[in-house]
Amino acid sequence: VAGALGAVGSLVAELLWKHPGVELAAITARDTGDGDSPIGKFLYEIYPEHRVPVRLQTLEALDLSEFKAAVVAYPTGAAASLARKLRHAGLTVVDSCGDFRFADVETYEDWYGQPHEAPELLEEAVYGLPEFNRDALKGAGLIGNPGCYPTASVLALAPLAREGLIADVVIDAKSGVSGAGKRGGAAPPFIGTDENMRPYGVPRHRHEPEIADQLSSLGYQGLLSFVPHLIPLDQGELVSCYVRPVREIGEADLHALYEEAYAEESFVELAPGLPTVRDVQRTNICRIYPMRDPAGTRISVFATIDNLWKGGASQAVQNLNLALRLPEGEGVSDSVAMPVSSDRISPLDRPPVSA
Ligand SMILES: NC(=O)c1ccc[n+]([C@@H]2O[C@H](COP(=O)([O-])OP(=O)(O)OC[C@H]3O[C@@H](n4cnc5c(N)ncnc54)[C@H](OP(=O)(O)O)[C@@H]3O)[C@@H](O)[C@H]2O)c1
């Protein structure tokens with residue numbers, strides 16, 4: 001794991017340490033060259049919550065010929081040149097940043113505002129949303145792990161996009177602070193975030209073209225408004241997608257559409273009522289609830305994931321499994337999707353406990 005001190009990298013390291021089919025052979029960080037350098041320390045000494053008894057090394061200290069695969073958890077822009085080096089050394093690469101999520105270099109350079117460091121690799125890169133790209137991910141050499149918001153948004157909207165049901169869509173998204181990572185100085189301060197809520201990244205959040213790209217490949221190329229918000233949570237994410245439908249669809253047909261789309265998926269769960277972020281914390285599960293308003297003029301789809309898990313680290317392990325042709329769910333999460341049950345209701349819908 002390259003970048004094992006990051007929010008995503010440290011969790012990937014923990015998942016791979018526990019993974020029954022993988023040997024976690026090395027984890028890397030940068031050497032600060034002073035007394036605080038993490039190099040040589042066990043990961044658990046720095047993050048006790050990740051009980052991984054593997055020592056951090058610099059990437060330069062590794063003999064790449066000893067490894068079969070790597071997960072890269074660097075910021076966008078920093079990963080591409082490492083991915084090139086790893087691919088030249090014959091490693092399978094799952095990259096967690098934005099460097100390999102777009103088929104064309106122009107979209108990347110326009111939205112990320114920087115030249116791509118390894119554009120020649122874009123052609124071989126496969127977008128890592130297993131629910132839609134499973135066949136292409138099996139045996140893939142390079143995988144661009146999706147962004148957290150695109151993961152939840154595309155899973156929420158795909159059944160409607162494939163049916164040609166979307167006339168336009170507004171995605172009202174909310175994420176906890178760990179979405180900004182913990183090493184790059186982008187993490188929002190406690191004061192001003194706690195007990196507060198704010199939109200950010202409008203009108204040009206970098207996940208918007210990624211969502212548009214994926215919906216386009218599923219058949220929807222129309223108007224898309226994406227508005228993320230920062231909420232005072234550590235980890236967790238909820239997207240509320242408001243769709244103007246092309247034609248009316250009944251409530252039962254809407255649910256049947258989603259049930260059919262995700263019946264075989266271990267990590268997509270259909271909720272019997274409105275989902276909450278806590279329903280899926282520390283799991284690889286995306287929990288979805290579609291509904292239509294009584295007049296039939298609006299479809300709302302709510303989807304919740306853990307941004308660090310299905311939105312990042314555990315999805316990277318799911319993709320690594322596919323690339324290495326291991327069982328897809330191995331080492332990914334202790335939890336799998338439960339079948340839809342009309343008996344169960346979301347915690348928020350439960351009547352209050354009487355005194
Ligand atoms: N946080 C999320 O919810 C989430 C979800 C999905 C995808 N992602 C993506 O995953 C990637 C990692 O995110 P994160 O949240 O884990 O960030 P993070 O906590 O800030 O960690 C970033 C990691 O990258 C390393 N790094 C920073 N600049 C580098 C450079 N120039 N060269 C080499 N290494 C460098 C850091 O190393 P040091 O430890 O040495 O500083 C650190 O290990 C990002 O691209 C992010 O967009 C994040």
Side-chain angles (χ1 to χ4, degrees), residues 1-15 26-34 36-41 43 46-47 50 56-60 62 70-86 93-102 108 111-112 114 117 127-129 143-154 173-188 201 205-207 210-211 228 230-231 233-239 277 280-282 284 286 305-319:
V1 179
L5 285 186
V8 171
S10 54
L11 180 55
V12 172
E14 179 181 338
L15 292 171
I27 56 175
T28 78
R30 292 179 296 180
D31 190 353
T32 53
D34 55 25
D36 289 333
S37 177
I39 303 307
K41 294 199 169 115
L43 187 63
I46 297 171
Y47 297 142
H50 297 298
L56 289 147
Q57 302 181 63
T58 62
L59 192 97
E60 295 72 28
L62 304 180
V71 177
V72 179
Y74 285 0
T76 296
S81 50
L82 173 59
R84 176 192 284 137
K85 202 165 152 187
L86 296 168
V93 176
V94 178
D95 179 57
S96 73
C97 77
D99 282 353
F100 298 105
R101 295 178 189 158
F102 299 100
Y108 173 88
W111 284 81
Y112 283 84
Q114 57 197 4
E117 297 294 330
Y127 189 73
L129 204 48
I143 294 173
N145 211 52
C148 49
Y149 287 126
T151 296
S153 305
V154 176
K174 287 143 193 117
S175 173
V177 294
S178 60
K182 55 185 176 187
R183 301 289 292 176
H205 190 285
R206 291 163 168 187
H207 286 176
E210 196 182 322
I211 297 169
L230 179 70
I231 55 171
L233 268 186
D234 182 0
Q235 59 197 77
E237 191 169 296
L238 175 75
V239 297
V277 288
V280 295
Q281 257 167 357
R282 296 174 206 285
N284 191 52
C286 177
I305 58 169
D306 187 318
N307 55 295
L308 289 180
W309 285 69
K310 182 66 173 165
S314 58
Q315 182 149 260
V317 175
Q318 187 180 1
N319 281 321

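One-based numbering, in listed order, for ligands and for the atoms of each. Note that these values count all heavy atoms, side chains included, but never hydrogens, waters or copies made by symmetry.
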| Among Ala180, Gly181, Gly147, which residue places a heavy atom closest to atom 14 (P) of ligand 1? |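 When every heavy atom of Ala180, Gly181, Gly147 is considered, Gly181 comes closest to atom 14 (P) of ligand 1.
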In terms of residue, atom name and distance, what is the protein heavy atom nearest to [atom]?
atom                    : answer
atom 35 (C) of ligand 1 : Arg30 CZ, 3.5 Å
atom 39 (O) of ligand 1 : Arg183 NE, 2.8 Å
atom 7 (C) of ligand 1  : Ser96 O, 3.5 Å
atom 6 (C) of ligand 1  : Gly311 O, 2.9 Å
atom 44 (C) of ligand 1 : Tyr74 O, 3.4 Å

Taking only heavy atoms of [X] into account, list the atoms of ligand 1 that are under 4.0 Å away from them.
X      : result
Leu308 : 1 (N), 2 (C), 3 (O)
Gly3   : 43 (O)
Ser178 : 1 (N), 2 (C), 3 (O)
Cys97  : 45 (O)
Asn307 : 3 (O), 5 (C)
Leu5   : 39 (O), 43 (O)
Gly179 : 1 (N), 2 (C), 3 (O)

Is there a donor-acceptor pair under 3.5 Å between the side chain of [X] and the backbone N or O of [Y]?
X      : Y      : result
Thr28  : Gly3   : yes
Tyr127 : Pro146 : no
Thr151 : Gly311 : no
Asn307 : Glu237 : no
Arg101 : Cys97  : yes
Asp306 : Val280 : no

| Tyr108 and Tyr112 aromatic ring geometry - parallel, tilted or perpendicular at 30°/60° bounds |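 Correct class here is parallel.
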| How far apart are the closest heavy atoms of Ala7 and Gly181, and which atoms are they? |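 Heavy atoms only, the tightest pair is CB-CA, 4.2 Å.
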| message | Which heavy atom of His205 sits nearest to which heavy atom of Pro228, and what is that distance? | response |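 Closest approach of His205 to Pro228, heavy atoms only: CD2-CG, 3.5 Å.
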| message | Looking at ligand 1, is there an atom of it that comes within less than 4.0 Å of some heavy atom belonging to Ala73? | response |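 Ala73: in contact with ligand 1 (<4.0 Å).
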| query | For atom 21 (O) of ligand 1, is the nearest protein heavy atom under 4.0 Å away? | reply |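 Answer yes: something from the protein, a heavy atom, is under 4.0 Å.
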| request: Can you confirm whether something in the protein, heavy atoms only, sits under 4.0 Å from atom 46 (C) of ligand 1? | output: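 Under the 4.0 Å cut-off, atom 46 (C) of ligand 1 has no protein heavy-atom neighbours at all.
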| query | Which bit of Ala78 is near ligand 1, meaning a heavy atom under 4.0 Å away: side chain, backbone, both or neither? | reply |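 Answer for Ala78: side chain.
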| message | Is the contact between Ala79 and ligand 1 made by the side chain, the backbone, both, or neither, using heavy atoms and a 4.0 Å cut-off? | response |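 It is neither part, as no heavy atom is under 4.0 Å.
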| field | Polar contact flag for Val8 and ligand 1 (N/O pairs, less than 3.5 Å) | value |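 There is such a contact, yes.
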| field | Test ring-ring contact (aromatic ring centres under 6.0 Å, His included) applied to Phe102 - qualifying residues, sequence neighbours left out | value |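 Listed in chain order: nothing, the list is empty.
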| query | Does any donor atom in the side chain of Ser96 or Asn145 lie under 3.5 Å from an acceptor atom in the other side chain? | reply |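 No, no side-chain donor-acceptor pair sits under 3.5 Å.
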| query | With side chains defined as the heavy atoms from C-beta onward, is the minimum distance between Gln315 and Cys148 less than 4.5 Å? | reply |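 Gln315 vs Cys148: side chains apart.
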